[in-house]
Amino acid sequence: MNNDLEKYPVNFISHMMEQDVASGKNGGAVVTRFPPEPNGFLHIGHAKAICLSFGLAKDFGGKTNLRFDDTNPLKESVEFVNAIKTDIAWLGFEWDEERYASDYFDQLYDLAETLIKNEKAYVDSLSGEDIRKYRGTLTEVGKNSPYRDRAVEESLSLFRRMRAGEFSDGELVLRLKIDMSSPNINMRDPTIYRIRHVAHHQTGDKWCIYPMYDYTHCLSDSLEGITHSLCDLSFEDHRPLYDWVLDELKMPSHPQQIEFSRLNLQYTLMSKRKLKELVDLSVVDGWDDPRLPTIAGLRRRGYTPRSIRDFCRRIGVSKSDNNVELAVLESCIRDDLEINAPRVMGIMNPLKIIIKNFPEGSAEMLDAPNHPKNEKMGYRQLAFTREVYIDRYDFREEANRKYKRLVMGDEVRLRYGYVIRAEEIIRDQKGEISEVYCTYDPSTLGKNPEGRKVRGVIHWVSATECLQAQIRLFEPLFNIEAPDSSEQDKLELLNSDSIKIFEGFVEKSLVTATMDQSFQFEREGYFCLDSKLSKPKRLVFNRVVSLRDTWAKIEQKQ
RNA sequence: UGGGGUGUCGCCAAGUUGGUAAGGCACAAGGUUUUGAUCCUUGCAUGCGCAGGUUCGAGUCCUGCCACCCCAGCCA
């Protein structure tokens with residue numbers, strides 16, 4: 001695992017910052033910001049942006065502000081503001097200042113009047129539909145609005161009356177006066193203020209006109225003294241507009257916008273709008289469903305902040321389209337939990353084993369290390385009893401020598417315990433194996449039997465000294481590699497096996513398990529309690545990720 | 001048919017002023033192992049979208065193609 005204390009891996013943005021710092025630009029300072037719109041939960045694509053903005057600023061001795069881009073009260077709420085703050089803090093980042101674009105509404109308004117006075121903005125009376133018609137197309141230039149040359153005084157008066165609430169939604173807008181024939185559509189007199197008679201989660205009902213992104217973002221950056229403003233590639237052709245506004249207003253601070261490509265993760269969606277759809281349609285159990293790539297979902301699934309930070313470093317930053325394999329994310333959490341998760345045993349598909357030569361009603365306590373390589377993690381005790389559970393897949397009536405588990409008539413070791421031999425199969429009415437009678441060799445605790453080789457080691461749980469538990473396994477929510485770029489209805493691409501629920505048993509030591517702990521269920525994978533569903537008397541475990549399984553690969557080949 | 005971007009191993013991604021292709025994941029083969037886990041060792045682009053050119057020498061410079069992504073919200 002990459003060391004968190006190391007510098008962020010080099011990339012084209014860090015090179016730019018290095019040059020800027022070296023040349024003394026901005027007085028050698030690096031100030032970044034993370035600007036989420038509080039209209040949904042953060043996902044792992046945001047984590048990439050967060051790690052980048054916070055990480056690079058830290059590496060260059062700078063700071064990072066958290067700024068909510070709250071210019072559209074229709075879609076935003078404090079619930080999302082709070083969820084976002086929780087997620088960023090959980091990821092392990094500390095912002096310098098908490099700001100809101102709405103903090104600047106007064107200044108933004110004044111600046112807009114300046115623009116009008118300088119004949120760089122005008123109030124347009126065209127309807128939304130007409131504005132669209134006048135805009136032209138990608139290949140045809142647009143034409144000027146008939147209101148474009150409205151007198152400054154008239155625009156000013158209209159704008160003030162807009163603010164005063166004299167007009168209804170959609171009646172008027174304020175537009176920048178740039179160039180309707182620009183090949184860049186964003187420069188064709190973009191709208192910067194619209195009327196919306198709705199309360200805002202931060203400013204209440206103080207305003208009924210709200211500034212738009214292109215106008216707000218660059219000015220907020222400038223007002224905060226941001227030096228490097230990172231965003232995704234889709235804003236690349238907005239950069240001329242970003243610069244235009246700052247230049248026309250002669251802002252003393254002119255941040256540099258730098259664009260990088262957003263993360264695409266295979267077999268999942270990364271669009272907030274589509275994630276919101278899955279949540280609203282109850283296709284998933286909320287924004288924190290363990291199958292979602294949201295920060296909250298990953299957290300509930302059992303991913304650690306460290307593993308997500310590691311992931312963001314591993315995938316790097318560039319401007320090229322990417323489609324990162326799930327294997328990278330899985331490798332990150334395995335690396336973390338391999339070192340930090342205590343080992344325990346749990347059974348998902350119980351098969352009862354009855355040890356004939358072990359006395360009924362008694363238990364032998366066995367010491368089991370909590371980690372194979374870390375003595376400091378200590379030991380816990382396991383109750384070895386006459387009846388135990390093993391996993392159904394660890395028993396076969398017959399098998400060749402490659403099968404390193406329990407086979408009829410042959411021996412296998414119970415992890416941390418004794419070697420047992422399968423002697424008799426009991427079947428239920430359907431003919432399915434319900435129990436296997438075995439004998440154990442009392443001389444094999446901590447040492448191998450003489451003259452014989454046991455096939456292997458399997459995990460187990462006492463059938464009488466254990467805890468019942470629900471165990472949930474996950475697969476990708478979608479069954480195609482890039483659901484985001486598919487034309488098909490996303491609901492038709494859902495993987496019907498994305499969640500599998502088992503009723504099983506886990507060792508008794510897990511009574512003390514807490515929500516923030518992760519465990520390795522030996523030979524099965526890494527698990528944690530589900531923060532929403534698990535109760536003290538009703539344990540529910542989520543599998544974060546399986547262990548690497550080369551046996552499954554070998555079997556699949558045959 | 002306009003504008004803005006991107007094309008280096010299956011997936012990411014490094015590649016100082018041109019000097020002879022990092023690393024990670026994945027994969028493969030061995031070794032250790034009371035987790036078929038971990039760990040260790042080894043292998044894995046005569047090749048950098050394609051075609052020309054400049055040069056002693058080009059992923060890096062020039063020219064011309066090709067492919068893919070983004071943009072026509074009073075969303076961000």
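Residue numbers start from 1 in every chain, and the chains themselves are labelled A, B, ... in the order their sequence lines are given, proteins ahead of strands. Quick caveat: nothing in here was measured; it's all calculated off a predicted structure.
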Contacts under 3.5 Å, N or O only, protein and nucleotides 39-41 of chain B:
residue : atom : partner  : partner atom : Å
B/C39   : O4'  : A/Lys373 : NZ           : 3.0

- Query: Under 4.0 Å between a Lys/Arg side-chain N and an Asp/Glu carboxylate O for A/Asp391 and A/Arg523?
  - Reply: no
- Say you pick atom C1' in B/C11 and the same atom in B/G52; how far apart are they, in whole Å? 32 Å
- Residues at least two apart in sequence or cross-chain that pass side-chain contact (heavy atoms from CB on, under 4.5 Å) with A/Glu364, listed by chain then number, are A/Phe358, A/Leu366, A/Phe384, A/Tyr418, A/Leu445
- Quick one, give me the B/S/- string for nucleotides 68-76 of chain B, reading 5' to 3', where B means a protein heavy atom under 4.0 Å from the base and S means that only happens at the primed atoms, P, OP1 or OP2. -S-BBSBSB
- Query: A/His200: what forms a ring pair (Phe, Tyr, Trp, His ring centres under 6.0 Å) with it, not counting sequence neighbours?
  - Reply: A/Phe105, A/Tyr210
- A/Gln266: what forms a side-chain contact (heavy atoms from CB on, under 4.5 Å) with it, not counting sequence neighbours? A/Asn323, A/Glu325, A/Glu481
- Select one nucleotide: of B/C11, B/C25, B/U35, the one nearest the side-chain heavy atoms of A/Ala327. B/C25
- Query: Quick one: do A/Asp69 and A/Arg33 make a salt bridge, cutoff under 4.0 Å?
  - Reply: no
- Message: Aromatic contact between A/Tyr242 and A/His238, with the criterion being ring centroids under 6.0 Å apart: yes or no?
- Response: no
- Side-chain donor/acceptor of A/Ser485 to backbone N/O of A/Ala482, under 3.5 Å: yes
- Partners of A/Phe527 by ring pair (Phe, Tyr, Trp, His ring centres under 6.0 Å), sequence neighbours excluded? A/Phe521
- Query: What does A/Val454 touch in the nucleic acid at a heavy-atom separation under 4.0 angstrom: a base, only the sugar-phosphate, or nothing?
  - Reply: nothing
- Using the C1' atoms only, state how far B/A45 lies from B/G30, rounded to an integer number of Å. 24 Å
- Item | B/C44 and B/U55, which share atom name C1', separated by this distance in whole Å | 33 Å
- Message: Check this for me: does any side-chain nitrogen of one of A/Asp221 and A/Arg67 sit under 4.0 Å from a carboxylate oxygen of the other?
- Response: yes
- Item | Whole-Å P distance, B/U8 and B/G64 | 22 Å
- Query: Considering residues at least two apart in sequence or located in another chain, which fulfil the side-chain contact (heavy atoms from CB on, under 4.5 Å) criterion with A/Ser234?
  - Reply: A/Asp232
- Message: Considering only residues two or more places apart or on different chains, which pairs with a residue in residues 181-201 of chain A satisfy salt bridge (Lys or Arg N to Asp or Glu O under 4.0 Å)?
- Response: A/Arg148-A/Asp189
- Those residues at least two apart in sequence (or on a different chain) that pass side-chain contact (heavy atoms from CB on, under 4.5 Å) with A/Glu18 are A/Phe60
- Hey, does the side chain of A/His15 come within less than 4.0 Å of B/G15's phosphate (OP1/OP2), counting only N and O? yes
- Applying ring-ring contact (aromatic ring centres under 6.0 Å, His included), which residue pairs with at least one partner in residues 169-195 of chain A are found, sequence neighbours left out? A/Phe159-A/Tyr193, A/Tyr193-A/Tyr215
Where do N or O atoms of nucleotides 7-9 of chain B meet protein N or O atoms at under 3.5 Å, pair by pair?
none

Between the protein and nucleotides 28-33 of chain B, which nitrogen or oxygen pairs come in under 3.5 angstrom?
residue : atom : partner  : partner atom : Å
B/A28   : OP1  : A/Lys557 : NZ           : 3.1

